[in-house]
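Counting convention: from 1, in listed order, for ligands and their atoms alike.
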Amino acid sequence: MKSLSRWALLWITVFFFWEIVVCGQLRPAADLIITNAKVWTVDSELPNAQAVAVLGGRIVAVGSNAEIDAWRGPSTHVIDAGGKLLLPGFNDAHVHFVSGGRQLDAVDLNDATSPEEFVRRIAEQAKKTPKNEWITGGDWDETKWSLAKLPTKELIDAVTPNNPVLINRYDGHMSLANSIALRLAGVTASTPDPPGGTIVRDDKGNPTGALKDAAMDYVLKVIPPLSHDQRLHAVQRALGHAASLGVTSVQDMNPEYADIAIYSELLDRGQLTTRIYAAPLITQVDDLVKIGVRRAFGSSFLRIGALKGYADGSLGSGTAYFFQPFNDQPGNRGLLSDEMHPISLMRDRMMKADAAGLQLCTHAIGDAGISAILDIYSEIEKTHGKADRRWRIEHAQHMAAKDFDRFAQLGVVASVQPYHAVDDGRWAEGRIGRDRASRTYAFRTFLNEGVRLAFGTDWNVAPLNPMLTLYAATTRATLDGKNPGGWFPEQKLPIAEAVQAYTMGSAHAEFQETDKGSITVGKLADMVLLSDDIFSIDPTKIREVKVLRTIVGGKTVWNATSEEGK
Ligand SMILES: [Zn+2]
């Protein structure tokens, strides 16, 4: 009798606690519940679910509608996802955020398909621009003209009589200046080419207005810096754009300090709606070393501690640095950047950065440029020992066959932009031939070799829209429609791996994989609800998919139904 009642007591106790746990009587109510969704978590422990509960900006439960409903309280906000696909927010591993925000209001020359249209748009912008104010931006691409020829100052001087002009090629490695801008910069026939740069000249040696890489600095130096208000406006435009596209985190490459100051100001006001990891130029390494911050230092919304370097230029500008000359320009192997003159300058800066615990993100496009950076990375590892550094190579565009293995051994992250593949894929083979092109944006080979991928766009060089990136990675269908089955189709990725690279891959690349990258209990509540299921539709349709809602830290920062009429 005695023992029986003891058993009964025990069972009553167990039942009582079970009630509390399951019915949630001791559990705080969620701030937000997203229910009736098709949740793709990017977490292999629980890949699919129906609903998510959020409390204090973090995910507190993932499960079935019924399980998550137990988190509902009187003041819980409930979003019925209507069966739509819910993903972790996209983390763009490589953007130029302020340039992107500026571009939203600047002259757009990217899809001008003739010199006449190019001139017409510049004339229009000049009419809107106050006298003496600079006209910048543009993102022109002369390869889209029927006769691909570099533009000259003569083309635009007549329509820009009152404004200095410095408009950039879409890849950022060349710009066109008008005569006023060249005069202000003091660039004449007798100005020498700077190291790592070229002043394009006519037969008589006069500058044509086109300036490659370091030569752009002559003019950039005389452009007044953005005012506080111009910069603030650009960041606000960029934040709005990111939210509308489901981009909840960005890794901002070579921002100015003044940009970071604006992010900080907006964070203080509670208006930073995209999480930002800022990587200033490695030329400023001494500043970060002096402050003493290490990689990924800061809050969940704003962090610093990485440095961005440049090894070389770009394929389009003929300045990516290769072991062999360009097929269409015998004698030209491209250019190492001015930061690499001499290479020991870059090595010393990187050594210093690494000793201080800073992360390195290095732009390298040509096979020899990539190789040179891998050489420096291995030298650092030999000198300072092995560690979890997550070095990155930004773009990693044209790989030498011998370097995949080294890339993996050093644990280097390939921070890649699939949209560039379907863009450059239109003409890359003409520049570098079939063999080198076969190792271009080699996403499949990277994964097979054990290299981690982080996806991004390089916005404003390419569109920020993640759907275009996913479309590009899964189809490799070039923009000219000439490769519907995929340009080097063996390098296509299935959608699940592409999403993984855009979420967990990018989170890993910024040391945030325990806080971001999947819909997992304990992580930040950054999520995106899509109009269509990108896992079941035809990949060619992915580029048409829209973002219905973007959630950052449990707060809706974009809602298509309430925003679209604006
Ligand atoms: Zn970039």
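The aromatic rings of H173 and Y310 lie perpendicular to each other, with more than 60° between the two planes, well past the 30° mark. Relative orientation of the F118 and W140 rings is perpendicular, given thresholds of 30° and 60° on the angle between their planes.
Note that NE2 of H96 and CG of L464 are 12.0 Å apart. Values are rounded to the nearest 0.5 Å.
At a threshold of 2.8 Å, the Zn ion (ligand 1) has no backbone or side-chain N, O or S atom of H395 nearer than that distance. Look at E394 and the Zn ion (ligand 1): no N/O/S atom of the residue is under 2.8 Å from the metal. For H96, the nearest N, O or S atom to the Zn ion (ligand 1) falls under 2.8 Å.
D252 places a side-chain heavy atom less than 4.5 Å from the side chain of Y263.
The closest approach of D458 to the Zn ion (ligand 1), by N/O/S atoms, is made by OD1.
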